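Numbered from 1 within each chain, the chains take letters A, B, ... in sequence-line order. Since we're looking at a predicted model, the values are computed, not measured.
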Amino acid sequence: MSQLKVYNTLTRKKEVFKPINPPHVGMYVCGPTVYSDVHIGNCRTIVSFDVIYRYLQHLGYSVRYVRNITDVGHLENDSDEGEDKIAKKAKLENVEPMEVVQRYTNGFHEVVEMLNTLKPSIEPTATGHMLEQIEYVQAIIRSGYAYESNGSVYFDVEKYSEKYNYGDVSGRKIEDLKNNTRDLKGQGEKKCPLDFVIWKRADPKHTMQWNSPWGKGFPGWHLECSVMSTKYLGDEFDIHGGGMDLKFPHHECELAQNTAYSGQSQSVKYWLHSNMLTLNGEKMSKSTGQFFLPKQIFEGTTELLEKAYSPMVVRFAMMQCHYRSTMDLSNDALFAAEKGLARLKKGLESIDILKDGDQSFLDVNLIEASLESAMNDDFNTPVLVANLFDAVKQINSSVQNEKPITQEDRQKLKGLFDVYVTQIMGIQLIESSKSSDDSKTIENDLIQLAVDLRNQAKKGKDWETSDLIRNELTKLGIQLKDSKDGTKWSK
RNA sequence: GGUUGCGUGGCCGAGUGGCUAGGCACAGGUCUGCAAAACCUGCUACGGCGGUUCGAUUCCGUCCGCAACCUCCA
């Protein structure tokens, strides 16, 4: 069996994955800031790490998956006047900040559930860890890497970089950062423009504020992830994930905070980053309005797409692209994914109609090895999918040529689909058969009646009538398929 | 401007120093009263120019184009 290799942003290499305390694995992924609807680009990251989570479990690891909800502290910008995103939204809509938080947290959960992602083991919130965050700030001040200034507390990047490397995650050099920092207004409280806020003074009008040793205020955005990851996973843990765009400054700051806090410079063993989703070649982004919402795809209510695509189709489209590559979302891509998914599904169904025999036409172990090695190569789902399609091709041609398969291999082959498609990629091939209510039964019976009538017409070679029925049913969105075994229909 | 990454056939997207994924689309075929669907077969690409090499799409250099980050974003 091959070993799992993961691409570590820190070393920019694929490394053999060795957990710190096997069989336990600690994984922290940056979740959403719940100040507006989650868009489909956000979802890609969640789905990417969902597959990673699922695969680690498949390998037998006991994973503690922590994903935060940012409900305070995320500023609009880095200046002193920078406003908290949630507070701003609450003011705008004249509601409680926690109302904003609750609404968009609910929306986020609803969408990621539709995309069939597993829930994290712990989903902590920033507001729920205020004491821990204040203590963390105090600890960093004690260690000498933070200073108070006018009621706010800043992380001292220059001091930090005397002993440690600031820039490891994003691959930056401190000199370059100094030279390229834009001049922002209102940075007077900082010793150096690179310093970042870990505790922010709140003015009296601010709706979200807590008492602290430095007066009333709220935590800086980067702080919560440091605090909550180490609280639940320890000062040293295995995987930290998030979107590429968080490398700098968010993850860079997080790592610096961790190190300053614990003196342990290897707080995270593997940094994993998923790439961006693009729309017409440009990054989806809330701040530029360049995005669409998941529901617009599921319901087909965006002009950029020709029709609606189900969450499973969207998820499958994501699987056909590696998590570290940018993925361009388009109607063509989704259309192709929809057709491909149907093909995969048909392939699975065809396993049942393969002929019994003493020998098998295909080597199931070989297929299994190909699926496993794809996933072990830094979670390469596109290759996994390609290998599955290879299997489908073999299945189809065997159905055609009536080649046999042993009972044992048949079960094993079906098992592979279940494990790799359903459990690891999280794609439901078989729709959960929702108990058909009465009206649906009647509908089905009526359709069957029309089909029967048409078949009677066909028997009498009354093509005019039979085509009329077929065409009218097509107009209603019902497709008829004639075959040797009779006529089947689908919606 | 700085940093990082990318540029693959009609489209989407893997990967590799020689054996040159996969899906969609397209073409031909099987099936069919005709369709549709399904299935089978076909379709040999890696931005330009140099270099290293027996051999490069893959390594190196350079040029062009694109993107991300450098300010909030998954």
Side-chain angles (χ1 to χ4, degrees), chain A residues 9 12 29-33 35-36 38-49 74-79 82-83 85 167 170-173 175-177 179-182 184 221 241-250 252 273-278 281-288 290-291 316-317 319-322 324-344 346 350 370 374 377 380-390 392-393 395-397 399-401 458 461-463 466-467 470-471 474 479-484 488-490:
Chain A
T9 304
R12 291 183 202 177
V29 174
C30 288
T33 300
Y35 69 103
S36 66
V38 62
H39 69 68
I40 195 67
N42 303 128
C43 294
R44 187 192 182 195
T45 302
I46 304 299
V47 168
S48 295
F49 285 97
H74 203 155
L75 302 182
E76 286 285 316
N77 58 56
D78 199 26
S79 71
E83 222 177 335
K85 290 189 176 200
S170 56
R172 284 155 210 271
K173 295 193 175 92
E175 293 77 24
D176 294 338
L177 284 167
N179 294 336
N180 288 302
T181 303
R182 295 183 194 180
L184 287 169
W221 174 41
M244 288 264 193
D245 53 347
L246 294 185
K247 276 191 202 173
F248 191 91
H250 186 56
E252 206 63 77
H273 289 98
S274 62
N275 217 319
M276 300 293 100
L277 199 60
T278 61
E282 267 181 69
K283 177 188 166 184
M284 286 206 190
S285 167
K286 280 183 193 172
S287 56
T288 57
Q290 160 88 6
F291 69 93
F316 186 65
M319 292 302 111
Q320 286 187 290
C321 179
H322 189 87
R324 278 192 292 113
S325 298
T326 53
M327 174 188 175
D328 198 49
L329 199 69
S330 64
N331 190 68
D332 285 353
L334 289 171
F335 186 79
E338 189 173 53
K339 299 291 282 270
L341 185 57
R343 185 178 159 85
L344 200 60
K346 189 81 201 317
S350 294
S370 78
D377 184 15
N380 199 327
T381 54
V383 169
L384 170 66
V385 171
N387 292 341
L388 282 165
F389 276 119
D390 278 339
V392 167
K393 195 165 199 172
I395 292 163
N396 285 338
S397 92
V399 169
Q400 202 83 357
N401 303 323
K458 274 180 68 178
K461 302 210 174 194
D462 180 2
W463 310 128
S466 78
D467 286 354
R470 183 174 65 195
N471 292 341
T474 305
Q479 290 239 319
L480 296 193
K481 295 165 191 172
D482 291 336
S483 74
K484 286 174 199 160
K488 288 177 185 168
W489 61 270
S490 64

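For the pair A/Arg324 and A/Leu341, nearest-nucleotide mapping onto RNA chain B gives the more 5' position to A/Arg324. Heavy-atom nearest nucleotides on RNA chain B were determined for A/Leu480 and for A/Glu282, and the one closer to the 5' end corresponds to A/Leu480.
B/G42 and B/G10 have their C1' atoms separated by 16 Å, with the value rounded to a whole Å. A gap of 8 Å separates the C1' atoms of B/C43 and B/A27, to the nearest Å. Nucleotides B/A37 and B/G28, compared at atom P, are 15 Å apart to the nearest Å. Atom P of B/U44 sits at a distance of 32 Å from the matching atom of B/A67, rounded to the whole Å. Using atom P as the reference point in both B/G2 and B/U62, the two lie 14 Å apart (nearest Å). Only the P atoms considered, B/A36 is 11 Å distant from B/C26, to the nearest whole Å. Only the P atoms considered, B/C46 is 16 Å distant from B/U20, to the nearest whole Å. Straight-line distance between the C1' atoms of B/U3 and B/C11: roughly 32 Å, to the nearest whole Å.
For the pair A/Lys286 and B/A74, the criterion of a side-chain N or O lying under 4.0 Å from OP1 or OP2 is met. Taking 4.0 angstrom as the limit, A/Asn380 places a side-chain polar atom (N or O) nearer than this to OP1 or OP2 of B/G15. Between A/Thr33 and the phosphate of B/C72, there is no side-chain N or O to OP1/OP2 separation shorter than 4.0 Å.
Across all strands, A/Arg12 comes closer than 4.0 Å only to sugar-phosphate atoms, never to a base (heavy-atom distances). As judged by a 4.0 angstrom heavy-atom cut-off over every strand, A/Gly171 is placed among residues touching the sugar-phosphate backbone only. A/Ser466 comes within contact range of at least one nucleobase, with a heavy-atom separation under 4.0 Å. Here A/Lys173 lies out of heavy-atom contact (under 4.0 Å) with every strand. In this structure, A/Lys339 reaches the sugar-phosphate backbone alone: every heavy-atom distance under 4.0 Å involves primed, P, OP1 or OP2 atoms, never a base. Within 4.0 Å (heavy atoms only), A/Ile46 reaches no atom of the nucleic acid at all.
Residue-to-nucleotide contacts include no donor-acceptor pair under 3.5 Å from the side chain of A/Asp332 to the base of B/G13. Taking only distance into account, the side chain of A/Arg470 never meets the base of B/A36 through a donor-acceptor pair shorter than 3.5 Å.
Here the closest heavy-atom approach between residue A/Leu246 and residue A/Cys30 is recorded as CD1-CB, 3.6 Å. Residue A/Arg324 comes nearest to A/Met244 through the heavy atom pair O-CE, 3.9 Å, listed as atom of the first residue, atom of the second, then distance.
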Go through it in stages, so that I can follow the logic: the residues are A/Arg470 and A/Asp467, the test is salt bridge (charged side-chain N to carboxylate O under 4.0 Å, His left out), and I'd like the CA-CA distance, side-chain angles, deciding distance and then a yes or no. CA-CA 5 Å; A/Arg470 183 174 65 195; A/Asp467 286 354; 3.4 Å; yes
After noting the C-alpha distance and the side-chain angles of A/Val385 and A/Phe316, does the key distance pass the side chain to side chain contact (heavy atoms under 4.5 Å, CB included) rule? CA-CA 9 Å; A/Val385 171; A/Phe316 186 65; 3.8 Å; yes
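For A/Asp390, counting side-chain heavy atoms from C-beta on, the closest listed nucleotide (B/C70, B/A21, B/A74) is B/A21. Of the candidates B/C39, B/G33, B/A14, the closest approach to any side-chain atom of A/Ser325 belongs to B/A14. Listed candidates were B/C69, B/C72, B/G23. Nearest to the side chain of A/His74 is B/C72. In this structure, the nucleotide among B/A74, B/G22, B/A14 sitting nearest to the side chain of A/Pro382 is B/A14. Closest to the A/Phe389 side chain, of the nucleotides B/G22, B/U3, B/C72, is B/G22. Nearest nucleotide to the A/Lys393 side chain, out of B/C24, B/C40, B/U3: B/C40. In the set B/A25, B/A74, B/C39, the nucleotide with an atom closest to the side chain of A/Arg343 is B/C39. Comparing B/G5, B/A74, B/G23 by their nearest atom to the side chain of A/Ala336 picks out B/G23.
In this structure, the side chains of A/Met319 and A/Pro382 stay at 4.5 Å or more apart for every pair of heavy atoms. Contact check for A/Asp377 versus A/Asn380: side-chain heavy atoms found under the 4.5 Å cut-off. Side-chain contact between A/His322 and A/Thr381 is absent, with no heavy-atom pair separated by less than 4.5 Å.
Rounded to a whole Å, the CE atom of A/Met327 is 16 Å from the P atom of B/C24. Regarding A/Met244, its CE atom lies at a distance of 14 Å from the P atom of B/C70, rounded to whole Å. Computed from coordinates, the A/Lys283 NZ to B/C66 P distance equals 19 Å when rounded to whole Å. Rounded to an integer number of Å, the gap from CG of A/Asp328 to P of B/A67 is 12 Å. The separation between A/Asn275 atom CG and B/G7 atom P is 12 Å, rounded to whole Å. A straight line from CG of A/Asp245 to P of B/U3 spans 21 Å, rounded to a whole angstrom. Taking atom NZ on A/Lys458 and atom P on B/C34, their separation rounds to 11 Å, with Å as the unit. Atom-to-atom, CG of A/Asn471 to C1' of B/A37 comes out at 15 Å; the value is rounded to the nearest Å.
Side-chain contact of A/Gln290 with A/Ser285: a donor-acceptor pair under 3.5 Å is absent, judged by distance alone. No donor-acceptor contact under 3.5 angstrom links the side chains of A/Thr326 and A/Thr278, judged on distance only.
Residue A/Trp463 and nucleotide B/G33 are classified as a stacked aromatic pair, their ring centres being separated by less than 5.5 Å at an interplanar angle below 30°.
Secondary-structure annotation of RNA chain B gives the stems B:1-7 with B:64-70, B:10-12 with B:22-24, B:26-30 with B:38-42, B:47-51 with B:59-63, with a stem taken as at least 3 successive Watson-Crick or G-U pairs whose two distances both fall under 3.5 Å.
At distances below 3.5 Å, not a single donor-acceptor pair connects side-chain atoms of A/Ser325 with backbone N or O atoms of A/Cys321.
The ring-ring contact (aromatic ring centres under 6.0 Å, His included) search around A/Phe248 returns none, not counting sequence neighbours.
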